[in-house]
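Comments concern the structure below.
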Number of protein chains: 2
Amino acid sequence: MEIIMKKYVIGIDFGTLSARAVVADPENGKELSSATFEYPHGVMDEKLPDGTALPKMWALQHPEDYIEALKNTVPKAIRSAKIKPEQVAGLGIDFTTCTMLPILSDGTPLCTLNEFKNDPDAYVKLWKHHGAWRETEKINEIFEKLDPERLAVYGGKLSSEWMIPKIAETLNNSPEVYEKAERFIEAGDWLSLILTGKETRSIAFAGFKACWTAQSGYPKKEILEAIDPRMKDLIDTKIPETVNGMDEIAGYLNEKGSELTTLPVGTPLAMPMIDAQAALPALGITESGQMMHILGTSACLITNSDEASPVHGISGYVENGVIPGCTTYEAGQACVGDAFDWFVKNYVPEKYMKEADEKNISVHEILRRKASTLKPGQSGLLALDWFNGNRSVLDDSSLSGMILGLTINTRPEEIYRAIIESTAFGARVILETFESQNITVNEIFAAGGIAKKDEMMMQIYADVLKKPIKIAETSQAGALGSAINAAVASGIYKNMSEAASKMSKSYIKVYFPKQENAEIYEKLYAEYKTLHDYFGRGGNNVMKRLQNLK
Amino acid sequence: MEIIMKKYVIGIDFGTLSARAVVADPENGKELSSATFEYPHGVMDEKLPDGTALPKMWALQHPEDYIEALKNTVPKAIRSAKIKPEQVAGLGIDFTTCTMLPILSDGTPLCTLNEFKNDPDAYVKLWKHHGAWRETEKINEIFEKLDPERLAVYGGKLSSEWMIPKIAETLNNSPEVYEKAERFIEAGDWLSLILTGKETRSIAFAGFKACWTAQSGYPKKEILEAIDPRMKDLIDTKIPETVNGMDEIAGYLNEKGSELTTLPVGTPLAMPMIDAQAALPALGITESGQMMHILGTSACLITNSDEASPVHGISGYVENGVIPGCTTYEAGQACVGDAFDWFVKNYVPEKYMKEADEKNISVHEILRRKASTLKPGQSGLLALDWFNGNRSVLDDSSLSGMILGLTINTRPEEIYRAIIESTAFGARVILETFESQNITVNEIFAAGGIAKKDEMMMQIYADVLKKPIKIAETSQAGALGSAINAAVASGIYKNMSEAASKMSKSYIKVYFPKQENAEIYEKLYAEYKTLHDYFGRGGNNVMKRLQNLK
C-alpha cells in the first residue's frame with residue numbers, strides 16, 4: 001500500500017530588514033511553523049561593508065543577505081514543522097519593490113565582483129533608496145512631453161523609487177557598473193533566477209514599478225534615449241522585453257535552489273509578488289469589489305476589479321498584476337500617520353505631555369482619549385489632508401494642508417481629530433473616484449499598525465466611508481500570501497481565489513457605520529468636497545502660488 | 001503792579017483699577033506732577049462689600065471710590081507741582097465706558113442708600129460687566145426687526161457691555177432699583193454732576209455706547225417698549241433727551257466740587273471723554289486722516305475725518321464725538337493678541353517651553369525670535385484672522401479662523417507668524433474699507449503693549465499696510481488728553497487741534513515699510529482678500545454651516 005504524504009506549502013516574505021518563511025497547510029492555511037532571519041547587513045545607508053561612505057538619501061542592501069535568508073529560514077521552518085522536504089508541494093516568495101540590482105546574466109551580482117565591491121551603485125538599491133531624485137525630475141519632464149499616456153497610468157508622475165530612475169542614476173554615477181551589468185533586475189526576480197536557473201520578470205514588479213503596461217510594454221527606445229543616449233537599448237539588452245504573468249510559475253528548483261532550501265529539485269516556485277500585495281490573498285481579498293486600505297505614514301488603497309480600464313486620478317493599475325483575471329488598482333494618500341505625528345511632535349502643549357507621562361500613555365493616546373469624547377461636527381473644524389501634497393485623486397504635490405473653523409477656544413484634541421477626519425474624507429474621494437469609473441468597492445479591509453490600534457479613527461472611517469471597515473492582521477500576512485501563491489503554483493488549487501478561500505485568515509474586527517455619525521459626516525464631507533475642488537481643481541490656485549512664493 | 005500767575009491744567013484719567021491726575025503746562029504739555037489712587041474696592045466680581053455673592057460674568061465698582069480718587073489725587077498733584085489751586089485754569093476727566101450707575105437726580109448713587117446696599121444692580125456696572133448677555137440677544141433681535149438703520153451704525157450688533165442692555169438687565173434682576181433710579185448715568189457724566197451740580201451727557205458716551213445718533217437721537221419709545229414695556233419711558237425720564245457736544249463744557253465747579261478738589265469754585269470742567277479716545281489729543285491725533293490702532297487682545301481702530309457719512313462695515317461713528325468739527329469712526333478686530341495667546345497656550349511643544357525657560361524669556365519671545373528669521377512668504381502659510389469671528393468689516397461672529405499651506409514640515413513659529421500676518425491683513429481690509437468710502441488714512445499710530453514690545457509684528461504691519469507705523473506711548477496718555485481737553489474748556493486754546501498741537505507728546509518710534517517685504521505681502525494680501533471674500537461674503541458659507549453644526 002502506497003502511503004500518500006500530506007502536502008504543505010512554503011511562503012517567504014522578504015521585508016526591509018528580515019525575511020520570514022512559513023510552512024502552511026494548504027487545506028486551511030494553518031501555519032505549522034515559521035522561521036525569521038535578519039539581514040546581516042541590514043539597510044546600508046551610511047557606508048558600504050568596506051567603509052565607503054554613502055551619500056544622503058541612499059539605502060542599499062547586500063544580495064548575499066537574501067541567499068543567507070533562504071538558507072536560514074526554509075530548512076529551519078521545515079524542521080520545526082516536523083515534515084519532510086518532500087512534503088513541500090511548492091514555494092512562493094514576495095519581496096519589497098522596486099528593490100533592484102545589477103547582475104551578470106548568470107545571476108552574479110556585480111557587487112560580489114572584486115572590481116565593483118567598492119562601488120555603491122553595484123549593490124542592491126532598496127525600495128526606499130532616494131538617490132535618484134535629480135534623474136527623476138528630468139525623466140518626468142521627458143515622459144510628460146513624449147509619453148503622457150504612460151505617465152497617466154501612474155497618476156502623472158514617476159517616483160524616484162522606481163526602476164528607470166534608479167538605473168539612470170546608476171548610469172550617471174557609475175557608467176562602469178551600467179556597462180558591466182548584463183541585467184538590471186528586481187531582487188524578487190533575481191531570487192527566482194538563483195533558485196531555478198531561469199530568468200523571469202514578474203508582472204507585479206514590471207507593471208507597478210518599471211513602467212511596463214500590457215498595452216504598450218516598456219517605454220520606447222526614443223524615451224530612453226532622451227533620458228540618456230547610452231540607455232537607448234536598455235530594454236531587450238539589460239531588461240528582457242518579456243514580462244511573466246501571475247498565471248505562470250517562475251520555474252522549478254534546480255540543484256542550486258535545492259541546495260539553498262533543502263527542498264527537492266523540481267519543486268515549483270511561484271511567480272514572486274510584491275510584499276504589500278501578498279497580503280491580499282492572505283486576507284481573502286481576491287475578488288472584484290474588495291479593497292485593502294493600508295494605513296501607515298501614508299496610505300495605499302489596493303483594489304481588484306474584473307474591469308480593466310484606466311481610472312483617472314489613481315496611482316496606477318496592472319491587469320493580472322496580482323490575481324490572474326483581475327486588474328489591480330492602486331491609489332494613494334500621501335500623508336496619513338505622518339500628519340498625526342507632525343501634530344503630536346510640534347503642536348501639543350506641555351500640560352498634555354505631562355498628563356500622558358502621569359498616566360503612562362503615549363501623547364497620541366492622550367489626544368485620542370480626549371478626542372474620543374467629541375461628537376462629529378462638535379469642534380466646528382474641517383481640514384484638508386494635503387500636508388504632504390495630494391497623491392490621489394489630484395496628483396498634485398504643490399497642494400497643502402488647511403484647517404478651518406479655528407477659534408480661540410479650539411483645543412489640540414479637536415485639531416487632532418479634524419486631521420484624522422480629513423484623511424477619512426480623502427479616502428472617500430478616492431473611493432468615489434473608483435466608483436464613478438465603474439470600479440465598485442463593496443468591502444474595505446484596513447491594514448497597518450494604526451488600523452489595529454486606533455479605534456476612534458477606524459470608527460470615523462466607517463462613519464465617513466459608510467461601509468463596514470474590517471481590520472486585517474497584515475503584519476504577518478505576507479508569508480501566508482506567498483504560501484497561498486505556492487499552493488496555486490503547485491497545482492493544489494486552480495487559482496488564487498480558490499486557494500485564498502481555503503487558506504486565508506479572517507479579519508480580526510469590524511467597525512460598522514453609526515447612522516447618526518454618518519449623517520453628520522455626510523454634511524462635513526460635502527463641505528470637504530467643495531473645498532477639495534475649490535483648492536484642488538483650479539477654483540483658487542492659492543496653494544500653488546504660495547508654494548511658488550516659498 | 002499786578003502779578004499775573006502762570007496757568008496750568010489738570011487731567012484725570014479714570015481707568016479700570018485706579019485714577020491718575022496730572023498737572024500739565026498748557027504751553028508745552030509738560031507734566032509737572034501726577035498722583036495715582038487705586039480704587040479701594042477695585043473690581044468687584046465675586047462679592048459685594050457686605051459679602052453678597054455675585055454671579056459669574058459680573059464686574060461692579062463702588063462709586064465712592066471715584067470720589068475718593070478725586071480727593072486723593074488732585075490736591076496731592078497740586079502740592080507736588082508746587083502751584084496754587086488758583087493757578088489751575090481748568091479740569092478735564094476721561095472715564096472707562098459704558099460704566100454706568102443708577103442714581104437719584106441729585107447724584108446720590110442708589111447703592112449708598114440703606115435699602116439698596118445689598119442689591120448688586122444698585123452698584124456701578126463696569127464696562128466689562130457681562131451680566132446682560134441674555135438681554136442683549138433679545139435686544140439685537142428687536143433692533144434688527146424694528147430699527148435696522150441704527151443697528152447699521154454699530155456694525156449690525158449691540159454689545160452686552162452697552163447702556164441699554166445693562167439697564168434692561170437691571171430691570172430684569174431688580175425692578176426696585178429700576179423704579180427707584182431717577183437717572184441711569186455714565187460714571188464720567190456722574191462725576192460732572194457731582195463736581196458742578198449740573199447734569200450733562202457727553203456725546204462720546206451717548207454716541208458710542210448708548211445708541212444715540214445725531215440724526216435720530218436715542219431709540220424710539222416703541223423699541224424700548226418691545227424690550228420691556230416698563231422701559232417705554234426710559235428716555236426723558238431716567239435719561240435726559242439732550243446730549244452735550246464736545247464743544248460745550250460740563251460746567252463750573254460748585255462748592256462741593258471745590259471741596260473735593262481744593263480748586264476754586266468756578267473752575268471750568270471739560271466735557272468728559274472716553275478713556276481710549278483721550279489718548280487721541282495726547283498723541284496729537286486730532287486731524288482728519290490720522291488713525292490710532294489700539295492693539296490688545298482685540299484691536300480698535302479710531303480715526304477722525306472731516307467727512308461725516310456712514311461707512312459700511314465699521315463698528316460705529318459719532319459726529320463731533322471726540323473732536324468738535326470732526327467725525328470719529330471706530331472699527332474693530334475681534335481677535336488680535338487673543339489669537340497669539342491661544343496659540344502659545346495650546347500649540348507650543350515642550351521643547352520650545354524648555355528653550356524659553358533656559359533663556360529666561362517668554363514663550364512669545366522664543367517664538368518671535370524664531371519667526372523673525374523668516375522672510376515674508378517663506379513659510380507658505382496664509383491665515384484668516386477670524387479666531388473670534390470678524391468685527392470689521394464683515395461683522396459676522398459665525399466666521400472662524402483658517403490656516404492654509406500647512407505641511408508636515410510646518411513649524412510652530414511659522415504658524416505664529418502667519419497668525420500675526422493675518423491680523424495685519426485684517427487691518428488692511430479695514431483701512432481699504434475706510435479709504436474706498438472717502439475716509440482717508442494718512443498716518444497710523446499703533447498703541448498698546450504689543451505695539452511697544454513686538455518689533456517683528458510692527459514691521460509686518462508697516463510692510464502690509466504700506467504706511468509708516470508710529471508707535472504711540474498711550475499707557476499714560478489718558479490724563480494728558482484730559483488736560484488738553486481742560487485747556488480748551490478753560491479758553492486757553494480755541495479748540496482741541498490747537499491745544500493738541502502745543503501739548504501733545506510725540507510718538508516714540510516709527511517703522512517704515514520695507515519695499516522688498518511690501519511687494520511679497522502685496523501678493524499674500526491679494527490671496528487673503530480672495531479668501532476673505534470667498535468665506536466671508538457668501539462665496540462659500542462653510543464657516544457658518546460648521547458653526548451651526550456645532
Side-chain angles (χ1 to χ4, degrees), chain A residues 297 334-335 338-339 341-354 363 375-384 386-389 399-412 415 419 520 523-524 526-528 530-531 534-535 539-540 542-543 545-550, chain B residues 297 334-335 338-339 341-354 375-384 386-389 398-412 415 419 520 523-524 526-528 530-531 534-535 539-540 542-543 545-550:
Chain A
T297 53
C335 188
D338 271 348
D341 284 340
W342 161 75
F343 185 76
V344 162
K345 214 169 135 190
N346 293 287
Y347 300 97
V348 176
E350 213 170 7
K351 61 189 168 195
Y352 282 46
M353 300 283 200
K354 281 191 185 143
V363 181
K375 295 209 171 80
Q378 187 182 332
S379 70
L381 296 175
L382 185 67
L384 288 174
W386 303 341
F387 303 94
N388 193 19
L399 296 176
S400 52
M402 189 218 62
I403 304 172
L404 178 151
L406 296 162
T407 79
I408 48 173
N409 298 315
T410 301
R411 283 165 293 142
I415 296 183
I419 294 173
I520 297 169
K523 290 179 190 164
L524 290 175
E527 303 292 355
Y528 175 94
T530 303
L531 292 171
Y534 177 69
F535 289 115
N540 182 348
V542 54
M543 290 174 181
R545 290 190 296 269
L546 289 174
Q547 175 70 22
N548 288 337
L549 259 184
K550 264 188 176 181
Chain B
T297 53
C335 188
D338 271 348
D341 285 340
W342 162 73
F343 186 76
V344 162
K345 214 170 135 191
N346 293 287
Y347 300 98
V348 175
E350 211 170 8
K351 60 188 169 196
Y352 282 45
M353 299 284 201
K354 281 190 183 141
K375 294 210 172 78
Q378 188 182 330
S379 70
L381 296 177
L382 185 67
L384 289 174
W386 304 339
F387 303 95
N388 193 19
S398 70
L399 296 176
S400 53
M402 188 217 63
I403 304 172
L404 177 150
L406 296 163
T407 79
I408 49 172
N409 297 314
T410 300
R411 284 164 292 142
I415 296 183
I419 294 174
I520 298 169
K523 289 179 191 165
L524 290 175
E527 303 292 357
Y528 175 93
T530 303
L531 293 171
Y534 177 68
F535 289 116
N540 182 348
V542 53
M543 289 173 181
R545 291 189 296 267
L546 290 174
Q547 175 69 25
N548 288 337
L549 259 183
K550 263 187 176 181

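Quick caveat, the model's predicted, so the values are computed rather than measured. Within every chain, numbering begins at 1; the chains are lettered A, B, ... in the order of the sequence lines, protein sequences first and strands thereafter.
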Side chain to side chain, B:Thr530 and A:Val542, heavy atoms closer than 4.5 Å: no
Please flag which part of A:Thr410 lies under 4.5 Å from any non-hydrogen atom of chain B: side chain, backbone, both or neither. both
Shortest non-hydrogen contact between B:Ile408 and A:Asn388, atoms and distance: CD1-CG, 4.2 Å
Check the surroundings of atom NZ in A:Lys351: do more than 12 heavy atoms from other residues, nucleotides or ligands lie under 6.0 Å from it? yes
Below 30° counts as parallel, above 60° as perpendicular, anything between as tilted: where do the rings of A:Phe535 and B:Phe535 land? tilted
Note: vs chain B, highest number of non-hydrogen pairs under 4.5 angstrom among A:Met353, A:Gln547, A:Met543, A:Lys345 is A:Met353
Tell me the closest heavy-atom pair linking B:Gly405 and A:Ser400, and the distance in Å. CA-OG, 3.0 Å
Tell me the closest heavy-atom pair linking A:Pro412 and B:Asn346, and the distance in Å. CG-O, 3.5 Å
Residue pair A:Asn540 / B:Glu527: nearest heavy atoms and the distance that separates them: OD1-OE1, 4.1 Å
Exercise: identify the closest heavy-atom pair between B:Leu524 and A:Leu549: CD2-CD1, 3.7 Å
Side chain, backbone, both or neither: which part of B:Lys523 has a heavy atom under 4.5 Å from chain A? side chain
Heavy-atom pairs under 4.5 Å with chain B, option from A:Phe387, A:Tyr352, A:Trp386, A:Tyr347 with the top count: A:Tyr347
Got more than 12 heavy atoms from elsewhere within 6.0 Å of NZ, B:Lys550? yes
Quick check: do A:Leu404 and B:Leu404 have side-chain heavy atoms less than 4.5 Å from each other? no
